[in-house]
Amino acid sequence: MTRREGAAPGVVVLTGAGISRESGLSTFRDPDGIWQRVRIEDVATPEAFRRDPARVQDFYDARRAQLADPAVGPNAAHAALAELDRRWPGDFLLVTQNVDDLHGRAGSQRLLHMHGELAKARCLRCGAVAPSPPRLADSPACPACGERGGLRPHVVWFGEMPLGMERIAEALARCGLFVSIGTSGSVHPAAGFVAEARGRRARTVELNLEPSEGSAMFDEARHGPATRLVPEFVDALLRDAGA
Ligand code: BV8
């Protein structure tokens with residue numbers, strides 16, 4: 001990466017469940033993945049929540065409880081992206097599909113959770129978003145309006161509009177480098193971001209354990225565990241930028 005006229009290009013990073021795999025969290029579509037154990041239609045759609053709210057709350061309560069496990073924490077890939085955020089001299093945005101809190105705990109600041117966050121709950125009555133109680137299945141009261149039993153996970157289900165799409169579109173329109181890390185490229189609209197970046201002549205790089213569904217769209221693809229690939233990539237990027 002050479003610096004253009006002294007201005008560092010804008011960087012957009014997209015992450016998926018693969019970046020949290022070495023922290024002990026399951027991915028979705030690997031052989032031991034979450035969607036191999038439960039069906040999306042049963043736990044991750046508004047229809048599922050209307051049909052059987054207890055089952056959906058239990059599904060997210062169990063995943064939220066994992067985040068409280070002392071054995072689960074940010075890994076070297078999360079830490080490297082937080083360092084890139086701190087030191088990159090140009091525009092930077094980390095867009096994550098993940099609902100875990102590991103990027104934030106690693107120190108990432110310019111961070112956007114496009115599929116929401118397990119650690120937050122949203123009130124169906126007043127719309128307030130606040131830190132989630134450990135278990136929503138117990139129908140806790142909304143801290144803003146006091147309504148009991150009206151809290152849902154602040155997570156984007158299938159068929160719901162992802163969060164921050166305007167900010168993401170602006171960042172992709174301005175970026176000179178798009179890096180996709182730990183995602184199978186099977187969920188839209190995130191899977192389409194590489195095409196948007198290419199359309200703006202950005203350099204596109206995939207760092208993933210194995211080729212994703214969209215691998216052919218990337219200028220460059222490196223395959224291996226994120227805890228090895230991401231620190232290496234970030235070190236080289238910062239070195240080339242003189243940052
Ligand atoms: C919407 C939160 C419209 C919930 C999630 C176009 C074409 C086809 C379908 C659609 C389309 N447009 C819309 C759709 C429908 C749908 C969709 O994409 N369906 C797919 C399944 C076909 N999309 C939607 O419904 C989206 N909404 O479009 O709304 C709209 C418009 C107007 C008004 C209203 C609505 C919403 C999608 C968001 C759903 N919520 N997450 C939760 O977490 O429970 S998405 C879900 O998949 C996951 O949560 C995850 O975030 C996401 C992506 O998965 P990945 O992160 O990629 O994980 P995966 O396991 O698949 O892959 C892991 C990768 O890591 C693998 O490649 C593996 O090799 C790699 N890996 C493993 N270990 C490592 C590693 N890499 C590095 N190191 C390692 N150690």
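Nothing fancy with the numbering, it's 1 onward along the sequence. We count ligands from 1, going down the list as the structure has it; atoms in each ligand are counted the same way. Nothing here was measured: the structure is a model prediction, and the numbers come from that model.
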Asker: Under a plain distance cut-off of 3.5 Å, with no hydrogens placed, do Gln97 and Thr183 share a side-chain donor-acceptor pair?
Answerer: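 There is such a pair between these side chains.
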
Asker: Distance-only criterion, 3.5 Å: show the donor-acceptor pairs between side-chain atoms of residues 161-172 and protein atoms not counting sequence neighbours.
Answerer:
none

Asker: Is any side-chain heavy atom of Arg203 closer than 4.5 Å to one of Pro9?
Answerer: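 Result no, sub-4.5 Å side-chain heavy-atom pair not found.
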
Asker: Is there a side-chain contact between Gln57 and Pro153, using heavy atoms and a 4.5 Å cut-off?
Answerer: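 Yes, at least one pair of side-chain atoms sits under 4.5 Å.
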
Asker: Kindly state each residue pair satisfying salt bridge (charged side-chain N to carboxylate O under 4.0 Å, His left out) with at least one member in residues 184-201, sequence neighbours excluded.
Answerer: Arg198-Asp219

Asker: Considering only heavy atoms, which protein residues lie less than 4.0 Å from any atom of ligand 1?
Answerer: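 Residues near ligand 1: Gly16, Ala17, Gly18, Arg21, Glu22, Thr27, Phe28, Arg29, Asp30, Tyr60, Arg63, Gln97, Val99, His115, Val155, Val156, Trp157, Phe158, Gly159, Glu160, Met161, Pro162, Gly182, Thr183, Ser184, Ser186, Val187, His188, Asn208, Leu209, Glu210, Gly224, Pro225, Ala226.
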
Asker: Run through the side-chain heavy atoms of Ile, Leu, Val, Met, Phe, Trp and Tyr, join any pair under 4.5 Å, and report what else lands in Leu102's cluster.
Answerer: Leu25, Phe28, Ile34, Trp35, Val38, Ile40, Val43, Phe49, Val56, Phe59, Tyr60, Leu67, Val72, Val99, Leu118, Leu124, Val155, Trp157, Phe158, Val187

